[in-house]
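Data first, discussion second: the structure below is written as structure tokens.
Every chain is numbered from 1 and lettered A, B, ... according to where its sequence line falls, protein lines coming before strand lines.
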Amino acid sequence: MKQLPLWQTPPPLVSSPPQKIFALADCNNFYVECERVFDITIKNRPVIVLGNGDGTVVAASREAKSLGITRGMPLFQCRALVEKYQIAVFSSNYPLYQDMSDRVMRFLSRYTPRLEVFSIDEAYLDFSHLSGDLLTSSGQRLCSQAQQWTGISLSLGIAPSKVLAKLGSELVKRHRIRGGVFNFVTMPTDQIDEILSQVLVEDLFGIGDRLATRLNREGILTAYKLKYADHVQLRNRFGVGVQRVALELQGISCIPLRTQAKPRQTMMVSLSFGRPIELLEEMLEAISHYSVRVGEKLRQHHQQAGGLSVFIRTNPFDKRVAQYANSAQMTFALPTSYTPDLIRASQELVKHIYQPGYQFKKAGVLVSALHPEEVIQPDLFGEYCWEKEVRQAYGMALIDLINKRWGCDTIFFAAQGIQRGWLMRQRRRSPLYTTDWQDVLTVT
DNA sequence: TCTGGGGTCCTAGGACCC
DNA sequence: TCTGGGGTCCTAGGACCC
């Protein structure tokens with residue numbers, strides 16, 4: 001007879017576990033609002049913010065959206081609108097946005113210690129400790145205080161799952177709900193279903209264009225249809241992601257709150273050039289320049305890279321020129337964040353994939369297999385040398401310090417080039433109001 | 001003339017091992 | 001002559017997110 005183990009699995013809980021409650025705090029038109037906090041002349045004007053290289057719109061104010069401008073639209077397509085309606089145009093100012101984001105997140109963390117910073121302008125909060133009748137009022141207080149303390153307005157969705165919470169915050173924006181809160185938790189099921197039947201699947205978090213098209217072909221057009229579709233079928237035909245979304249729509253939480261930031265697995269610097277590059281020499285400069293940026297990022301996060309890859313490509317939108325794209329990767333014998341190592345590696349890789357006669361528009365350097373820098377894994381063949389490691393780390397720290405104090409590229413590597421005619425454009429960036437003493441606003 | 005940058009997760013397929 | 005099956009790891013590519 002089979003012997004029972006000494007320990008027994010505890011019997012299942014009779015009562016169901018306490019309900020989880022998520023709140024998604026989403027900053028409204030975040031980049032635009034960041035600009036508006038420091039420039040009152042654009043409070044009521046339409047505003048757009050352009051992506052790196054000033055090529056496309058990455059954020060648009062409500063006024064700009066109502067004129068027909070959408071996220072992702074190339075600037076040249078809306079230039080006429082910009083002039084006609086005197087739209088204020090900004091290059092993106094990431095140091096400013098990141099700093100404002102940090103302020104918002106610090107503010108949110110006063111409301112709950114269990115907070116997941118999901119993106120630069122969104123965070124999930126654990127609201128499970130609040131009783132049902134307090135959810136909406138607490139949320140409203142949070143929104144008005146955020147506006148007051150940080151200058152940024154929020155949309156808050158409260159629900160038993162992340163997908164529903166996200167949808168709630170979208171509904172706040174779509175219907176301009178006063179108080180800034182949409183609460184699914186205390187809502188009866190038939191009312192939720194009524195709302196879900198008016199939401200298209202492509203508007204759900206986790207369902208992009210491709211999946212939406214495939215789901216539509218199967219007759220699943222609305223969130224309501226997805227919620228009540230057969231899970232096993234969903235999983236087999238569309239993957240586990242879609243199944244999870246369906247369960248989350250039922251209020252069954254499948255995507256947990258991640259309060260501990262997962263260490264990054266990759267880091268990338270990839271930018272379009274201000275003008276196309278043809279010469280290998282220029283490509284080597286650009287790729288070296290990107291490698292320097294990657295090195296700074298690695299050291300800032302106290303990480304070292306075990307692998308590195310580079311890619312180069314022509315402009316896929318330009319049908320008149322010959323197209324070419326390629327990438328190459330390598331592994332370091334020892335993980336490194338030492339810039340000369342990164343430059344050497346990426347230059348070697350680029351030499352392998354570069355082809356003359358093409359007009360290159362974009363390139364990138366990606367580091368992978370990241371390790372925390374304090375973990376050292378000496379290699380089998382004794383290449384590791386502690387003194388050398390310390391000397392290199394010291395050198396890099398010094399360069400980083402100087403560049404931080406006196407400005408980016410006060411000290412730079414010759415490989416980065418001096419003219420840098422290929423650098424991306426960024427003509428309309430606002431001042432670094434919060435991260436550079438020289439740009440602090442003065443009131444007179 | 002001019003079309004973003006930086007990530008994550010999942011899946012399928014191949015290599016390898018026992 | 002007959003030549004397995006299952007697990008794990010890695011990688012590339014696809015899909016998604018903001």
Worksheet item: So does A:S272 get a side-chain nitrogen or oxygen closer than 4.0 Å to the phosphate oxygens (OP1/OP2) of B:dG5?
Response: yes
Worksheet item: In residues 119-126 of chain A, which residues come under 4.0 Å of DNA chain C by heavy atom?
Response: A:S119, A:D121, A:E122
Fill in: A:N93 CG - B:dG5 P separation (whole Å)
17 Å
Discussion item. Taking atom CZ as the centre, does A:R275 end up with more than 12 heavy-atom neighbours from other residues, nucleotides or ligands that are less than 6.0 angstrom away?
Written reply: yes
Worksheet item: Which part of the nucleic acid, if any, lies within contact of A:F30, taking any heavy atom under 4.0 Å across all strands shown: a base, the sugar-phosphate backbone alone, or nothing?
Response: nothing
Response to the item:
Smallest heavy-atom separation, A:V365 atom then A:V310 atom, equals CG2-CG1, 4.1 Å
Worksheet item: With a non-hydrogen cut-off below 4.0 angstrom, is A:G53 in contact with a base, only sugar-phosphate, or nothing?
Response: nothing
Discussion item. Using side-chain heavy atoms (C-beta onward) and a distance below 4.5 Å, is A:K362 in contact with A:I312?
Written reply: no
Worksheet item: Which nucleotide in the list C:dA15, C:dC18, B:dG6 gets nearest to the side chain of A:K166?
Response: C:dC18
Fill in: Expected output: side-chain A:D54 to main-chain A:S91 donor-acceptor under 3.5 Å
no
Discussion item. When you measure from the side-chain N and O atoms of A:K319 to the phosphate of B:dT3, is any distance below 4.0 Å, counting only OP1 and OP2?
Written reply: no
Practice prompt. Look at all strands and tell whether A:D318 reaches a base, only sugar-phosphate, or nothing, counting heavy atoms closer than 4.0 Å.
Written response: nothing
Worksheet entry | Canonical and wobble pairing (Watson-Crick, G-U, under 3.5 Å) of DNA chain B, dot-bracket with | | ....||||||||||||||
Worksheet, complete the sentence: Ranking A:R313 and A:R264 by the position along DNA chain B of their nearest nucleotide, the one closer to 5' is A:R313
Item to complete: Measure the distance from CD on A:Q265 to C1' on B:dG7 and round it to the nearest whole Å.
Response: 10 Å
Discussion item. At 4.0 Å (heavy atoms only), tell me whether A:V57 reaches a base, stays on the sugar-phosphate, or touches nothing.
Written reply: nothing
Discussion item. Quick one, A:Y31 and A:V58 - any side-chain contact, counting heavy atoms below 4.5 Å?
Written reply: yes
Discussion item. Expressed as a whole number of angstroms, how long is the span from A:Q303:CD to B:dG7:C1'?
Written reply: 14 Å
Discussion item. Could you tell me if A:R313 sits above the aromatic ring of A:Y358, with its cationic atom closer than 6.0 Å to the ring centre and no more than 45 degrees from the axis?
Written reply: no
Discussion item. When you measure from the side-chain N and O atoms of A:K361 to the phosphate of B:dC2, is any distance below 4.0 Å, counting only OP1 and OP2?
Written reply: no
Discussion item. Using modelled atom types and a 3.5 Å cut-off, is there a donor and acceptor pairing between side-chain atoms of A:S337 and backbone atoms of A:Q304?
Written reply: no
Worksheet item: Can you tell which of C:dA15, C:dA12, B:dG4 lies closest to the side chain of A:R210?
Response: C:dA15
Worksheet item: Tell me: CZ of A:F311 to P of B:dG4, nearest whole Å?
Response: 11 Å
Practice prompt. Look at A:T266 and B:dG7 and indicate whether a side-chain polar atom (N or O) is within less than 4.0 Å of OP1 or OP2.
Written response: no
Fill in: Nearest-nucleotide comparison on DNA chain B, the residue closer to the 5′ end among A:R79 and A:M268
A:R79
Worksheet item: What is the distance, rounded to the nearest whole Å, between atom CG of A:L211 and atom C1' of C:dG14?
Response: 10 Å
Worksheet item: If you look at every strand shown and take non-hydrogen atoms under 4.0 Å, does A:L204 touch a base, only sugar-phosphate, or nothing?
Response: sugar-phosphate
Worksheet item: Can you check whether A:F332 and A:Y338 have ring centres sitting under 6.0 Å from each other?
Response: no
Response to the item:
Taken to the nearest whole Å, CZ/A:F238 to P/C:dG14 is 19 Å
Practice prompt. Return the nearest nucleotide to the side chain of A:F205; candidates are B:dT3, B:dC10, C:dC17.
Written response: C:dC17
Practice prompt. Please determine if a side-chain N or O atom of A:R258 lies less than 4.0 Å away from the OP1 or OP2 oxygen of B:dC9.
Written response: yes
Discussion item. Looking at A:H175, I'd like to know if its NE2 atom is crowded, meaning that more than 12 non-hydrogen atoms belonging to other residues, nucleotides or ligands lie closer than 6.0 Å.
Written reply: yes
Discussion item. Any side-chain N or O of A:R244 below 4.0 angstrom from OP1/OP2 of B:dC9?
Written reply: no
Item to complete: Under 4.0 Å between any heavy atoms, over every strand shown, what does A:G208 touch: base, sugar-phosphate, or nothing? Just pick one.
Response: sugar-phosphate
Worksheet item: What is the distance, rounded to the nearest whole Å, between atom CD of A:E170 and atom C1' of C:dC17?
Response: 12 Å
Practice prompt. Tell me, yes or no, whether the heavy-atom count around A:N236 atom CG, taken from other residues, nucleotides or ligands under 6.0 Å, exceeds 12.
Written response: yes
Worksheet item: How close or far is atom C1' of B:dG7 from atom CG of A:L271, stated in whole angstroms?
Response: 15 Å
Worksheet item: Is there a salt bridge (Lys or Arg N to Asp or Glu O under 4.0 Å) between A:K166 and A:E122 once you walk through the steps?
Response: CA-CA 10 Å; A:K166 172 83 178 161; A:E122 282 171 296; 2.6 Å; yes
Practice prompt. For A:M267, answer base if it contacts any base atom (sugar-phosphate contacts may also be present), sugar-phosphate if it contacts only those atoms, and nothing otherwise; contact means non-hydrogen atoms under 4.0 Å.
Written response: sugar-phosphate
Worksheet item: Has A:K362 got a side-chain N or O lying under 4.0 Å from the OP1 or OP2 atom of B:dG5?
Response: yes
Discussion item. Work out how far the C1' atom of B:dC16 is from that of C:dG4, and round it to whole angstrom.
Written reply: 15 Å
Item to complete: May I ask you to decide if A:Q86's main-chain N or O and A:R45's side chain share a donor-acceptor pair within less than 3.5 Å?
Response: yes
